[in-house]
Amino acid sequence: MKKYIINGGSKLAGEVAVSGSKNVVLKAIIAACLTNEPVEIKNVPLISDVLVMLELVKEIGGHVKLSGHTVKISVEKIRNIKIPLEMGAKIRTSSMFLAPLLARKKEALIPNPGGCRIGARPIDRHIEGLEKMGAVSKYNSRDGYFHVRTNGLKGTMYRFKKNTHTGTETLIMAATLAHGKTVLENAAQEPEVDDLIGLLNSMGAKIKRTEPRTIVIDGVQKLHRATFEIPPDRNEAITFAILSALTGGAIYIKNIDLLDIKNFVSEFKEAGGKWEKKDSKARFYLTGYVKPTHILTAPHPGFMTDWQGPWAIFMTQAEGDSTIHETIYENRFGYVNELAKMGADLEIYQPEVVNPKEFYNFNYRKNGKHGLKIHGKTHLHNAVLNISDLRAGASLVIAALIAKGESIVFGIEYLERGYEAFDKRLRSLGADIDVIEESLEERSRYAGERGIV
Ligand code: EPU
């Protein structure tokens with residue numbers, strides 16, 4: 001188990017490179033399993049989610065060679081159609097193996113997927129789409145597996161009831177090798193989906209986005225070898241942008257694509273923030289006070305759910321009351337109680353919504369609370385913090401870096417799912433941060449002594 005010891009309150013400065021996108025590379029790894037020829041993926045972030053996915057490729061019979069930030073994947077033959085329960089439970093994208101397994105073996109055994117604890121995260125929309133393509137699926141609650149079979153996937157017309165990012169990607173991948181044309185309507189518009197389309201087309205697929213939310217796939221018989229470079233991670237870029245604004249505004253972020261974070265940039269300006277671009281590096285900074293904002297998270301091109309945690313930290317520094325209304329996940333305020341320990345004045349509430357079943361992207365159930373009020377400005381102080389999911393982790397680390405005093409942040413394993421060498425990169429910007437590994441016994445003793453649950 002790992003923890004960070006952070007002495008916050010210092011100004012940070014320097015240059016930082018954004019790593020390859022987590023949410024592109026995880027799908028590129030699946031795409032590589034659609035062909036029996038080798039696929040080379042470059043600029044791979046060395047994060048634990050990638051390592052789990054590469055293990056899963058080996059599980060189904062593939063070969064993996066990781067050297068530095070490049071991985072070569074070759075799945076000449078699929079030898080196993082079952083994703084192990086324990087590994088599947090670690091990562092949501094394990095369910096996306098449905099696409100290569102059904103396309104190449106006509107059968108898949110996929111456990112109910114896991115991932116970060118930010119909501120129920122079912123895959124009903126993925127399964128419904130695959131059924132439209134001719135798959136038959138049965139969930140067995142006794143073994144925890146989806147048993148899915150097909151006599152051969154067929155092109156179809158499918159309209160997603162609600163936006164789903166990985167659901168869109170799973171169906172695109174399945175449709176590349178299906179017989180005939182597939183039209184996906186109300187498909188996700190996240191840039192990561194188009195990156196995946198680019199990779200699949202370079203492997204010989206025939207995929208076009210004909211309307212902003214319509215994707216047409218002409219099935220082909222076979223995909224072939226390709227080399228693909230993972231683009232920069234826009235969620236990581238946001239993390240550094242907010243960190244820069246709150247720690248003196250002198251962090252130059254390399255490899256940042258401002259187009260993919262357009263909505264963030266406009267809200268940042270709305271909050272009184274400034275940015276400049278110099279030789280492909282961007283710097284986000286403040287020249288005056290931070291204005292409160294009212295954010296509604298939404299599928300792309302809206303304000304992304306992954307940015308709401310770091311944004312909440314930003315709003316603790318605003319002069320007045322801000323709100324964030326989370327519409328994508330039903331449980332993405334895992335950082336709020338921790339932030340309150342640092343002196344932030346926060347309140348989870350339920351905003352008025354006329355038709356919540358239609359309005360929310362998750363499958364709505366009564367009694368949830370999906371809004372957050374942040375009463376600013378508060379001077380954050382040090383605390384002992386527990387990370388509950390990846391983006392909550394990045395948010396709490398930002399909070400600890402701006403708070404005066406020594407904070408201890410537990411649950412670094414969550415951060416390592418998506419941020420490569422985070423502590424090292426923060427240290428290179430001048431952060432006072434140490435990583436300590438400790439045994440479970442040490443951790444429980446420490447928690448017991450301080451009454452941390
Ligand atoms: N949903 C269903 N049924 C489905 C599919 C989705 O109820 O069949 C619900 C989800 O539970 C969620 C909402 O619909 O409440 C949106 O889900 P979506 O499928 O769009 O997202 P995802 O596949 O769970 C991906 C990213 C997330 C990112 C969202 C939104 C990956 C591996 N994950 O998740 O990234 O927040 O899209 O863009 O691509 C992260 O990186 O930390 C992360 C969570």
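The figures that follow rest on heavy atoms only: side chains count, while hydrogens, waters and symmetry mates do not.
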Over 12 foreign heavy atoms within 6.0 Å of NZ, K254: yes
Nearest heavy-atom neighbours spanning A108 and L101: CB-CB, 3.7 Å
Non-hydrogen atoms of L196 and A31 that approach each other most closely: CD1-CB, 4.0 Å
Residues S48 and E413: side-chain donor-acceptor under 3.5 angstrom: no
Under-4.0 Å salt bridge between R425 and E236: yes
Salt-bridge present (K22, D233; N to O < 4.0 Å): no
Pair N363, R125: side-chain N/O donor-acceptor within cut-off below 3.5 Å: yes
Any donor-acceptor pair under 3.5 Å from S244 side chain to F240 backbone: no
Atom NE2 of H294 with >12 non-hydrogen neighbours under 6.0 angstrom: yes
Ionic contact status for R234 with E192, cut-off 4.0 Å: yes
Any donor-acceptor pair under 3.5 Å from N382 side chain to E406 backbone: yes
Under 3.5 Å side-chain donor-acceptor pair for N186 and R213: yes
For A188 against R209, the heavy-atom pair lying closest together: O-NH2, 2.9 Å
Electrostatic pair D195:K27 at N-O distance under 4.0 angstrom: no
Partner set under ring pair (Phe, Tyr, Trp, His ring centres under 6.0 Å) for F303, not counting sequence neighbours: W307, W311
Short side-chain to backbone donor-acceptor contact, S10 and A431, under 3.5 Å: no
Side-chain polar contacts of residues 282-292 - donor-acceptor pairs under 3.5 angstrom, sequence neighbours left out - could you list them?
| residue | atom | partner | partner atom | Å |
| --- | --- | --- | --- | --- |
| R283 | NE | E276 | OE2 | 2.9 |
| R283 | NH1 | G249 | O | 2.5 |
| T287 | OG1 | K274 | NZ | 3.1 |

Side-chain donor-acceptor pair present, Y329, T297, cut-off under 3.5 Å: no
Pairwise side-chain contact, S322 with K373, heavy-atom cut-off 4.5 Å (strictly under): no
Residue list, salt bridge (Lys or Arg N to Asp or Glu O under 4.0 Å) with E416, at least two apart or on another chain: K2
Heavy-atom side-chain contact between N23 and E190 under 4.5 Å: no
CD1-CG distance between I30 and L200, expressed to the nearest 0.5 angstrom: 11.0 Å
Atom pair CD/CD1 of Q317 and I374 - distance to nearest 0.5 Å: 11.0 Å
K42 atom NZ, neighbour heavy-atom count above 12 within 6.0 Å: no
Contact summary for N386 and L396, nearest pair of heavy atoms: O-CD1, 3.8 Å
Side-chain donor-acceptor contact under 3.5 Å, H300 with K262: no
Atom NZ of K277: over 12 foreign heavy atoms under 6.0 Å: yes
Heavy-atom closest pair, residues A399 and L380: CB-CD1, 4.1 Å
Test side-chain hydrogen bond (donor to acceptor under 3.5 Å, both in side chains) applied to E338 - qualifying residues, sequence neighbours left out: K341
T323/I295 under side chain to side chain contact (heavy atoms under 4.5 Å, CB included): CA gap, chis, key distance, verdict: CA-CA 6 Å; T323 56; I295 297 283; over 6 Å; no
Contact list for residues 348-358, test side chain to side chain donor-acceptor pair (under 3.5 Å), sequence neighbours left out: Q350-Y360
Side-chain H-bond candidate by donor/acceptor type, E420 with H69, under 3.5 Å: yes
Check: F410 ring centre within less than 6.0 Å of Y4 ring centre: no
OG on S407 to NZ on K3, rounded to 0.5 Å: 13.0 Å
Contacts of F160 that satisfy ring pair (Phe, Tyr, Trp, His ring centres under 6.0 Å) - sequence neighbours left out: Y158
